[in-house]
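Below is one structure; the comments refer to it alone.
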Amino acid sequence: MKATILTVDDEEMIRDLLVTALSREGYDCFQAGSADEARDVLLNNRVELALLDIMMPGTSGVDLLKEIKKISADTVVLMVTAISDMETAMRCIHLGADDYILKPFDIERVLLTIKNSLEKQRLLIENREYQANLEKKVLEQTGQIRSAMEELNLTYDHTLTTLVRALDAREKETGSHSERVMNYTILLAETMGIRAAEVAIMARGALLHDIGKIGVSDNILLKPAKLDEVEWRHMKQHPQMGYDILSGVKFLKAPAEVVYAHHERYDGTGYPKGLRGSEIPLGARIFSLVDTLDAMTSDRPYRRALPFSAVLAEVERCIGSQFDPSIAATFLSIPKDKWEKAGKRLFLD
């Protein structure tokens, strides 16, 4: 369907010229010789685009622009002005006008400007609606996950593992990443002498660390190229999304703290909060080490798995920056064969 266009100009000849040309292109047209007439049209009809003459007797086009944006912020407004009044035309752009047309005008250029402005506005509205629908979908999925988790009771460990396997399968290259980092977390935490109840919480946090990615679009999550700034900003929201999903479930509130902080770094340069040192939950500090182990010893689209010796060198290099020194010391004391047994796979020499 073609858009509805309102032409506002105190010169009848100009209005008639524009309306004739626009009607020929299939647009529905209204015209007004003053701001008062324009208000009546705007209040009683849906108008996608308005052509406003800046210089009119009574209420000027500038003031009418402000009123239109209050009545309908999505209405595209093009200001019609003489070349001698360019300063006012630019001020209108700052007030919300989408573009301006100079008098005397070429009608074909006017039609092209209208077409391009309407297309731009259509894309903006579609993108806004897409974002709103995506947020609604994430909220719906969050509600569904919470309801399902509340019903798990004694069987939740098995169900959570199945859910995480499905999420890992979505990122085809990661395989059983979440289960491996859970097992590595248990090994490191037990070696540190942490009591069993706390180890269980840390293990669940490690297993569920990436559950927030359920709210990340496939276009971003599976993008083969480097993420741009907007995409990376959206990806960095997944710890918060994961926390929001889990924290509403009573038995997962403690693991949710690990999920929320699993991208924090010991020196405070991580996200989402930039926590430093002991501000980071112990489970998240443990996770950062075992996640590095799994990432480096797994095949990636951009490289083959690295040897275990490379992991040791990386941990030593990042002590005090990425990793907690005392936890890193325990990590380095664990023999390679124990890590292999926990991960149920062999590392490269």
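The first residue in the sequence is number 1, and the count goes up from there. Remember, it's a predicted structure, so these values are computed and weren't measured experimentally.
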| field | Qualifying side chain to side chain donor-acceptor pair (under 3.5 Å) pairs with a residue from residues 183-192, counting only residues at least two apart or across chains | value | none
Show me, pair by pair, the donor-acceptor contacts under 3.5 angstrom made by side chains of residues 229-237, not counting sequence neighbours?
from, atom 1, to, atom 2, distance (Å)
Glu231, OE1, Lys223, NZ, 2.7
Glu231, OE1, Asp228, N, 2.9
Glu231, OE2, Lys223, NZ, 3.4

| query | Can you name the residues that form a side chain to side chain donor-acceptor pair (under 3.5 Å) with Glu67, not counting sequence neighbours? | reply | Arg39
Only pairs under 3.5 Å count here: list side-chain donor-acceptor contacts from residues 123-134, not counting sequence neighbours, and write none if there are none.
from, atom 1, to, atom 2, distance (Å)
Glu126, OE1, Arg122, NH1, 3.2
Glu126, OE2, Arg122, NH1, 2.5
Arg128, NH1, Asp74, OD1, 3.1
Arg128, NH2, Asp74, OD1, 3.4
Arg128, NH2, Asp74, OD2, 2.8
Asn133, ND2, Glu129, O, 3.2

| Partner set under side chain to side chain donor-acceptor pair (under 3.5 Å) for Glu48, not counting sequence neighbours | Arg46
| query | Rest of the hydrophobic cluster containing Ile280 (Ile/Leu/Val/Met/Phe/Trp/Tyr, side-chain heavy atoms under 4.5 Å)? | reply | Leu275
| request: Tell me, yes or no, whether the heavy-atom count around Arg109 atom CZ, taken from other residues, nucleotides or ligands under 6.0 Å, exceeds 12. | output: no
Enumerate, atom names and distances included, each donor-acceptor pair closer than 3.5 Å involving a side-chain atom of residues 3-10, sequence neighbours excluded.
from, atom 1, to, atom 2, distance (Å)
Asp9, OD1, Glu11, N, 2.8
Asp9, OD2, Lys103, NZ, 3.4

| Who are the side chain to side chain contact (heavy atoms under 4.5 Å, CB included) partners of Met192, not counting sequence neighbours? | Leu188, Ile194, Leu282, Ile286, Ile327, Thr330
| field | Pairing residues for Arg91 by the side chain to side chain donor-acceptor pair (under 3.5 Å) criterion, not counting sequence neighbours | value | none
| said: Taking salt bridge (charged side-chain N to carboxylate O under 4.0 Å, His left out) as the cut-off, I'd like each qualifying pair that reaches into residues 12-25, sequence neighbours left out, listed once. | reply: none
| message | Could you check whether any side-chain N or O of Ser288 sits under 3.5 Å from a backbone N or O of Arg285, counting only pairs where one atom can act as donor and the other as acceptor? | response | yes
| note | For residues 8-62, the ring-ring contact (aromatic ring centres under 6.0 Å, His included) pairs (sequence neighbours left out) are none
| Ser326: what forms a side chain to side chain donor-acceptor pair (under 3.5 Å) with it, not counting sequence neighbours? | Asp324
